[in-house]
Participant: 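Could you have a look at this structure, given as C-alpha cells, before my questions?
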Amino acid sequence: MPKYDFSKIERKWQRIWRQKKIYEPNLKKAKKPFYNLMMFPYPSAEGLHVGNMYAFTGADIFGRYMRMKGYNVFEPIGLDGFGIHSENYALQIGVHPMKQAKISKKRFYKQLEMIGNGFAWDKRLETYDPEYYKWTQWIFVQMFKHGLAYRKKQAVNWCPSCKTVLADEQVLQKRQETRDKRQEVLVGACERCETPVVKKELEQWFFKITKYAEKLLKNLDKIDWSEKVKIAQRNWIGESEGALINFEIAGGVAPSYVLLHGFTGSPNANFFPWLKKELEKRGAKVFVPALPNTDNPSIPEQVEFVLKNAEFNENTVLLGHSLGSVVGLKVIEKLDHPIKRFVSAAGFLEPKFKDHSRPFEKSFDWKFDFERIKKNVRTIMILRDSSDDVVPEIQADKIQQAIGGEIIDFKAEDNHICGEVEPVVLKNCIGLIKVFTTRPDTLFGATYMVLGSEHSLVENLKSQITNYKQVADYVKKTKNKSEAERIEEGKEKTGVELKGIKAINPANNEEIPVWVADYVLSDVGAGAIMAVPAHDQRDYEFAKKFNLPLIPVIKPNITTSQVVRVGNAYEGRGVLINSGKFNGMDSEKAKWGIVEFVGGEKKTQYRLRDWLISRQRYWGPPMPVIFCENCKKLAESYKSYKSKRSYRSYNQGELENPGWIAVPGKDLPVKLPYVKDFRPKSKGESPLSSVKEFYETKCPKCGGKARRETDVSDTFLDSAWYYLRYPSIRSARAGTIPWDSTITKKWLPAGMYIGGAEHAVLHLLYVRFLAMALKDMGYLHFEEPFPKFRAHGLLISEGAKMSKSKGNVVNPDEYIKKFGADALRMYLMFLAPFEQGGDFRDAGILGITRFLERVWKLFHSRINTNIGTNNTNNIRAISGQISEHSRIVHRTIKKVTEDIENFRYNTAISALMILLNEMEKHPQLPITNYQLLLKLLAPFAPHLAEEIWQQLISASISQNQRKSAFESIHREPWPKYDLKLIKEETFMLIIQINGKVRDQIEVNKIITQKEAEALVFERERVKMYLNGKKPKKIIFVPSRLVNIVM
RNA sequence: GCCGAGGUGGCGAAAUUGGGAAACGCACUAGCUUUAGGAGCUAGCGGGAGCAAUCCUUUGGGAGUUCAAAUCUCCCCCUCGGCACCA
C-alpha cells in the first residue's frame, strides 16, 4: 500500500487545479453564478494567522459545496494592504511599507495557496495597487460630487509622545494590564507608549453616513445576517424616538421689538396684532410700523422709513415677514451697530415665487452685503413653513448659506405663515432653549435644565449671566479635559449654574434654573436637556449634589389630572414612577399629547456619527482633492449670487466646500509618492505635507497655483467596495467606472459573505452605506451588497486570545508541513461550530490525521483491490447488502448536507467519521458507497478526496472510455439522498417507569398505543417494577417511548 | 450600567419542535501485535455503591411548570464579546 504522502498530494493538486483553472468561472457566461465572498486579510504581520485560515476554510467549504451543487462559484481573494495595521508593522520592523508590501504579498499568497481553497487566482487584488486605489479615489470623488463629503473641525485623539493621531481603537479604554505588569488603570492612554492621550482639533473630511441612518436601520429587517451582528448595528445606529421641546427663557423677552409686515400686509393683518400683544404682555416694547406703499412697495423706500422711525439697540429683536424679511436684511445692513436677533418668517433672497410674480421684483437689485449683515446681528432664526406655496423652500437654505443662523421647519397655522395666531413665530422672537427628550411624558417633572459646554447659548446669553466668569472657566476646563480625566471622574458630576437665567417649563409655567454641565454632551440630541431627577438617575445624582429640587412645585392652574408621571423622588433610588393621565389620554398617547400641548415637535434621533475619512498618515490612498484659493473666492461668491455663470462648472461638493476641487477622472490615480521618512509628523499632518513635489500643483478648474490634500483616506474606504472590483478585474468594459455593469448585474449582490464579527459595526456598516450611496448615484442596481452574511467565531489558542505578547500565536505553516492542509482544515472545522469559534490545542489534530489515514487505507486495502478486475460483477454480487448499508450512507448524506448549509461543520465531520467506522466494519463494501463518502469529504479535505477520486477513475475506467477532459471531484454533482432509504421500519421503544428508563424493545414504526402497551406489559422487567399494582397513567409518544406513571 | 453569546465528563464538544444526557474525537487505562514511535488493533472510560446483574446520582446554583426539563418560566452566580453620562 502506498504511503499517504499529503505534502506531495497537496502540492500536486494545487498545481493542477490552478493549471486547469477549475476555480475560475467564466464571469460573463456563467449560468448559475454564486459569489462566495470572504473578508480579505490585512497583511500586517509575519504571515497568515491560523485565525485567518479558520475563516477562509469555513467559507471555502461552503463554496465547494455550492460548486458541487452545480453553481458557478466565484471565490476571490486579495489583500487589504493599505492602512495603519500594515504601516505600524512596517514602522516596527523598520522596513518601508512599499517594500514590505511586496514581501508580504508573496508570503501571503503562498500561504493562501497552501490552505487549499478554491480561489479564483486570476482575480486577485491589493488595495495599495494604484490600479485599485485609482478607483478608491474615484469613489471619493463621487461622494464629494454628490454632496456626501464635507470638511469639519473635529477633535482627534493625539498622543504627544508618539506625535501622532490615534484612532479610538488605539486608545486604551478598559482596565488593562500594562506592559510592565503594573496593575494600573490606563484609561485614555496611548496603546503603544501608555502616554495619556490629549484632544487636538483638526479639520478633516467626513462622509455623510448619517443621511442613510434610517435606511441602514430599516434594511436590517430585510437581510439574512447573523443576528448578533444585526443587533450590534441597530445599537450603533441607535434610533431614539422623542420630541424637541422649547423652553422659554424667562427674561428672554427682549426689551424692544420691531416687526415688519410683508407685501400688501399691515400692522393689523395676519399674526401681527396677536404677536404684539403677546410680547407686550411679557413686558416688551413693540413697534409695528405700517410700511409705505404696501401694495406697490419700493424696498429702499421702506428701508429708509424703518431706519427713520424705529429705534435699534443691541437688545432689539427684528422680525420680518415675507417681503418684510428682505426689508429687515437691508435695514440690518445699514445699521452701524449690532442688534440682538433677526427673525425671518417666510423670507427670501431672490424674487422667485411659486405662484406669480410681484411688482417689486424688478425695481430692486437683490444685492446684499452679507458680511456686514452677519456682523450686525447676533442670532438669526429662519422660519420656513413646510406648506408655503409662495416662497420656495430653498430660499431658507439660501439665507442660511449667506448669513448663517438656524432654520426652523414647521407647518404654519395658515399658508405662508399668515395665521392670526402663529405660536412658532412667538417662540422664535423670545429666547428659547431647545431640548430633545425621549420621555416627554416626564415633562411635568422637569425641575432644571442643563446645557452642554459647547452650547451656543452659553455665549449668547453672556450679558445676562451674572457669574459669567465662573461659567466660562468651567466651560474651558471641560473642553480641555482629556479622555482620561473625563472617564476617571466618571460618576462624580460637575456643573455650574447660569445665574441670572431662568427657563420656563412650558407644561406648568414654572421657572426653573439653568445649568451647564459636562454630563450633557453637546453633540447629542439638542445639546441641552430638561432634567427630571424623579425619573433619571443622572439627573437625580446631579440634583442631589447641587441641592436642586427633585420634584416640581405644581402651580395651581395645572390640575393633577393633567399630570403624567411627575414622579416622586426618594432617597437612594431616585426613581419612582407616578403614572397618570393627561387630558384623558393614557400612557403612550399622553406622551405625544403633551408634545402637542406644549407645541413641541416629534423627532427621531440617531446615535450614528458621520464617518471620519481623513488619516494623517502615509500608507493610504491620497485623497483626490485640491485646494485652490482662487476657486474658493469664486465658490463663495456663488453664495452671494455675484457671478452666476462661473459657478456652473462647480459640482455640489465644490460649492459646499469652497476652495476644494475634485481631481478630474483623467488625472486619477493621485499616486502615493515614495517618501523615505514615512513616520507620522508631529503637527497632526500626514508625512505627505512635507513633500513639496507632491502637494504643489495646479488647480484643475482655473489652472492657478493650488495645493493637494495631503491626508490619506481611511482603510475602511478601501475595503468598503473591494467586492465590486473582484469580478471586473481586467474586464475591458470597466473603464470609466470601476466595474463592468453587465458582470456586476450577474454576480451581485453576493451569494454569501463570511467574516469576523469584530467588523460588525465598522466595515459592515460602511460597505452597506457605500452601496446605498452608489445606488442612489445610479452606479449600482442594489442597495444591500450582502443579503446573506455569516459571522464566524473567534479562534483562540490554549484558552486565550492569540496575541504576540502571550506567545500563543499559531502559525498554520508548521502544521500544514507536519499534518497537511487537509488535516488542519478538518481539525479547525471539527473543534466547534463554525459560528462559535474554537480553542486550538495541538493534541486534537491526531484524531483527524488518523481519520484521513483510514480513508486512504480503506481505499487501498478494500476498494482499489476490487476494481479493475470485474468491478460491475462485484457490485452486482453484493447488491443484496447494499440497501442495508446504503441506509447509513444516505443518512450521512442528509446530515452532512444539512450541516454544511447551517455551518455545523463539526457535526458534519463527526457524521463522516461514523460512516467510515461503519464502512470499515462492513464485510463487502460497495464502491459506489465509498465514492459517496469521497464526495461528502471533498469540501473538507479537497486534496485527499481528489487524489483518491482520480486513482479510482484511472483504475476503474478503461482508457478508451475515459473522457479526455479533466474531471475533478470538485465538479462532481453533490450526492442526493433517498428519503425512502433513510426511513427506518423499526425503532427502539423506550420503556420508562415514572420517567426513568427501565427497558427497551425494538418494534415496528407504525405500532399503535394499544399494541405497544400489550407488548410492554409482557416484559419481565416491567412486571417486576409494577409488582402487581395498577399504573395511574400511561403516556405513549409515537416512535419514541412509553412512560408508565405509578 | 446597558445589549449580546455562553456555562454539559480530565479536554474539544453532541443532544434545543420538552422524550434514552455525554454522539464524534482527544487524553487516559488494560490487553493484543517480537512491540524502536506522537504506529496499528481490541476493550474500558461522568461520579458513587456492588464480584456481578443492577441500583443511586449527574448538564453553574436555587425555585417552579410537566407523566417527562440540558432544553420552558422566575431569581441568583460566573465567563467571554460589544456599547457606554445617547437625554
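The sequence lines fix the lettering, A, B, ..., with proteins before strands; numbering per chain opens at 1. All values reported here derive from a predicted model rather than from experimental measurement.
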Participant: Table please: side-chain donor-acceptor pairs of residues 814-821 of chain A below 3.5 Å, with sequence neighbours left out.
Facilitator:
from, atom 1, to, atom 2, distance (Å)
Y815(A), OH, D842(A), OD1, 2.5
Y815(A), OH, D842(A), OD2, 3.2

Participant: My understanding is that only residues two or more places apart in sequence, or in another chain, count here; which of them pass salt bridge (Lys or Arg N to Asp or Glu O under 4.0 Å) with R998(A)?
Facilitator: none
Participant: Using the test side-chain contact (heavy atoms from CB on, under 4.5 Å), find all partners of S226(A) that sit at least two apart in sequence or belong to another chain.
Facilitator: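 In terms of side-chain contact (heavy atoms from CB on, under 4.5 Å), with neighbours along the sequence ignored, S226(A) is linked to V229(A), R790(A), A791(A), E835(A).
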Participant: Please name all residues satisfying ring-ring contact (aromatic ring centres under 6.0 Å, His included) with W225(A), sequence neighbours left out, ordered by chain then number.
Facilitator: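 ring-ring contact (aromatic ring centres under 6.0 Å, His included) list for W225(A), sorted by chain: F789(A).
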Participant: Would you please name every residue forming a side-chain contact (heavy atoms from CB on, under 4.5 Å) with K1023(A), sequence neighbours left out?
Facilitator: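 Once residues adjacent in sequence are excluded, the partners of K1023(A) under the side-chain contact (heavy atoms from CB on, under 4.5 Å) criterion are E1018(A), E1020(A).
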Participant: Show each protein N/O and nucleotides 7-12 of chain B N/O combination with a separation under 3.5 Å, one pair to a line.
Facilitator:
from, atom 1, to, atom 2, distance (Å)
G12(B), O2', L831(A), O, 2.6

Participant: Side-chain donor-acceptor pairs under 3.5 Å in residues 846-855 of chain A, sequence neighbours left out?
Facilitator:
from, atom 1, to, atom 2, distance (Å)
T849(A), OG1, I845(A), O, 3.2
R854(A), NE, E920(A), OE1, 3.3
R854(A), NE, E920(A), OE2, 3.0
R854(A), NH2, N917(A), OD1, 2.4
R854(A), NH2, E920(A), OE1, 3.0

Participant: Reading nucleotides 15-22 of chain B 5' to 3', which nucleotides get B (base under 4.0 Å from a protein heavy atom), which S (sugar-phosphate only), which -?
Facilitator: S---BB--
Participant: For E454(A), which residues count as a salt bridge (Lys or Arg N to Asp or Glu O under 4.0 Å) partner, sequence neighbours excluded?
Facilitator: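 E454(A) satisfies salt bridge (Lys or Arg N to Asp or Glu O under 4.0 Å) with no residue once adjacent residues are dropped.
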Participant: Identify each atom pair where a protein N or O and an N or O of nucleotides 41-45 of chain B are less than 3.5 Å apart, giving names and distance.
Facilitator:
none

Participant: Partners of K895(A) by salt bridge (Lys or Arg N to Asp or Glu O under 4.0 Å), sequence neighbours excluded?
Facilitator: D899(A)
Participant: Taking ring-ring contact (aromatic ring centres under 6.0 Å, His included) as the definition, give me every residue that meets it alongside H759(A), ordered by chain and number, with sequence neighbours left out.
Facilitator: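 Only H763(A) meet the ring-ring contact (aromatic ring centres under 6.0 Å, His included) criterion with H759(A).
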